[in-house]
Amino acid sequence: MSLTSARRAKRRGPRRFTRRDLVVLGVLLGIPILLDIAIVWGPTLASVVLSFTSWDGIGSIHWVGTQNYTNLFTNYPPFWPAVRHNLMWLGFLGLIATPFGLLLAVLIDRGVRFSRFYQSTIYMPVVLSLAIVGFIAQLIFSRDQGVLNAVLGNKDNPTDWLGDPNLNIWMILIAAAWRHTGYVMILYLAGLKAVDPTLKEAAAIDGANDRQTFFRVVFPTLRPVNVIVGVITVIESLRAFDIVYAVNHGRNGLEVLSVLVTDNIIGEASRIGFGSAIAVVLLAVSMGFVVTYLVQEIRGEKNR
Amino acid sequence: MTLDTTVDVAATPAEPGARRGIRPGRLGVHAFLMAVSLAFLAPLLLAVYASLRPYDETSKNGYLSLPKHLSFDYYKQAFSDSGMTKYFVNTMIIAIPGVILALFLASFVAFAVSRLRLKGGIVLLMLFTAGNLLPQQVIVTPLYVVFNKIPLPYWMSDSMTMFDSYWAVVLVQVGFQMGFCVFVLANFMRTLPTEILEAAIVDGAGVWTQYWRITLPLCRPAIAALATLQFTWMYNDFLWALVFMSDGDKLPITSALNNLRGQFFTDYNLLAAGSVIVALPTLVVFLLLQRHFIAGLTLGSSKG
């Protein structure tokens, strides 16, 4: 009796709420929504608006149209290197660190002994802050006492791994990948555990070897994880900040967009309008990916 | 994919491989995984090693030399000279309310979105999820300006404004992290059986009872996982405090480490000790709560 009436209630569509329910909903949905708008979406919109002004944060706001963007693209030397570095970040994580994480996950998932140990050590860097990763990178890569130069034994003619603007971005990418690989590995391990083992058995019976089984059978079923990993890789690459800031405040070969934003808005000469324009470029690129991802999510939601 | 299988990644080393027995390729896999594990562990061990040695020794012989003296002096120094304790307290002032608030507010939104069949539920879910994926720098500028303009009474903030107060950092942490929590908890709640809720509705339970007494207790594993993860993220955060605080004494530990770098300057070994101290809490959390930690990440990624 109770179940059937509940089912009927479901079929009736939106449930009716008592006045007390409405108060609870109003307050407990209202606060988070307001906070989300006040902290996230409002400022995002405001950034877009400010990017068309020449505001310095104190005086009155002057509209300058697209002047900030023109300056940014044509007359701001660190901009294009920063874009290039962010793209290198994306390429390095996406083409090297991510596949490497997947490879590790596949190997560990095959059930070798000590897999728990492998998994924990490879994953451990993920819990460190990128700021600490940056400091540790200095221990290894510093010119005079760094371990890398000691291992290479080039004491007479040491390589300045973090100081050479042609070189340092690669070292930073390695440090960033140290953390990214473990993250990706854990996500894939979770995905692989959830793959129906009968699928693999069926493939084995059909005479598929390990490689064929993985690429034709297992990998396609990992699609949801692939999507998440892709989103994380893109977002992390665009957000890259802590590690370069910890190493040298994002100068001398380590320019990235997020550092340029920070440089322009904090400190004495704050160029808020200009900094916002850089932020909006960052926003536009990441929104492209976020929207693609959300569209997929909504589709999934409908199939549920 | 079901949640039960994904939650246990860390706990169960996969069994399917066991029945395959020993094959020649297996040794190679072990060698490879062992090498990778050690390579991933090495930087951390190096930091610990460096922190135990006097600077003169490493500056003369490099970090890769055998030690003559090992001591905890740098740890003592890091605590006494730079007031690490104070920064730890600052972190707790931010992270503890931050985690609790984010989880509380997000769990209700997740409940409303996934359990109440509200109109516009998906829109709400997207609003929060997408918000969490935006680059932080996009929201930094307007918040910086606004926080500077919001007055607070002296008993709430000695800077008399929202800027340079714990309130600002806590609020931003909560606002930003809610998105991830909503996403994860909504996914989790969707996997809960609806019958219990329906029975409760028939018995006349209001929205608050359905949320607080019926849904939340079932979410305990997801909440524990998220709390672990959120604590680590808030602890590791670098940017918010850097931008929204100007008084060095209020900084949380991760951001403070960057400030201390000026004092440590040439003494990389002292810096290493500082880094190890800062890394220790998250490493301990990870090692003790590994299952929860990983569950938190994978709950968000593999959709039920």
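Residue numbers start from 1 in every chain, and the chains themselves are labelled A, B, ... in the order their sequence lines are given, proteins ahead of strands. These numbers were taken from a predicted model, which means no experiment stands behind them. Every heavy atom of this structure was used, including side-chain atoms; hydrogens, water molecules and symmetry mates were not.
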Visitor: At a 4.5 Å cut-off on heavy atoms, which part of B:Leu127 comes close to chain A: side chain, backbone, both, or neither?
Guide: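 Both parts, backbone and side chain.
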Visitor: Looking only at the side chains, is there a donor atom on one of B:Gln136 and A:Ser258 sitting less than 3.5 Å from an acceptor on the other?
Guide: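 No donor-acceptor contact under 3.5 Å links the two side chains.
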Visitor: Contact part of A:Leu22 toward chain B, heavy-atom cut-off under 4.5 Å: side chain, backbone, both or neither?
Guide: neither
Visitor: At a 4.5 Å cut-off on heavy atoms, which part of B:Val29 comes close to chain A: side chain, backbone, both, or neither?
Guide: side chain
Visitor: Could you measure the distance from the CG atom of A:Leu128 to the OG atom of B:Ser275? Nearest 0.5 Å is fine.
Guide: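 Nearest 0.5 Å value for the CG-OG distance: 9.5 Å.
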Visitor: Do A:Val40 and B:Phe128 have side-chain heavy atoms sitting under 4.5 Å apart?
Guide: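 Counting from C-beta outward, A:Val40 and B:Phe128 never come under 4.5 Å.
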Visitor: Which label fits B:Phe238 and A:Tyr245: parallel for a plane angle under 30°, tilted from 30 to 60°, or perpendicular past 60°?
Guide: perpendicular
Visitor: Between B:Leu287 and chain A, which part of the residue has a heavy atom less than 4.5 Å away: side chain, backbone, both or neither?
Guide: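 For B:Leu287, the contact with chain A is made by the side chain alone.
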Visitor: Give the member of A:Leu50, A:Leu25, A:Leu238 that has the highest number of heavy-atom pairs under 4.5 Å with chain B.
Guide: A:Leu25
Visitor: Do A:Ile136 and B:Leu46 come within less than 4.5 Å of each other through their side chains, counting heavy atoms only?
Guide: no
Visitor: Please flag which part of A:Ile132 lies under 4.5 Å from any non-hydrogen atom of chain B: side chain, backbone, both or neither.
Guide: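 The side chain, not the backbone.
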Visitor: Are A:Tyr123 and B:Phe40 an aromatic pair by the rule of ring centers under 6.0 Å?
Guide: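 When the ring centroids of A:Tyr123 and B:Phe40 are compared, they turn out to be at least 6.0 Å apart.
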Visitor: If I measure from the heavy atoms of chain B, does A:Val261 come under 4.5 Å with its side chain, its backbone, both, or neither?
Guide: side chain
Visitor: In Å, rounded to the nearest 0.5 Å, how long is the span from CG of B:Leu143 to CD1 of A:Ile39?
Guide: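 The CD1 atom of A:Ile39 is 5.5 Å from CG of B:Leu143, to the nearest 0.5 Å.
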Visitor: Which one wins on heavy-atom pair count under 4.5 Å against chain B: A:Ser120, A:Gly134, A:Ala131?
Guide: A:Ser120
Visitor: Among the options A:Leu282, A:Val280, A:Val229, pick out the one with the most heavy-atom pairs lying under 4.5 Å from chain B.
Guide: A:Leu282
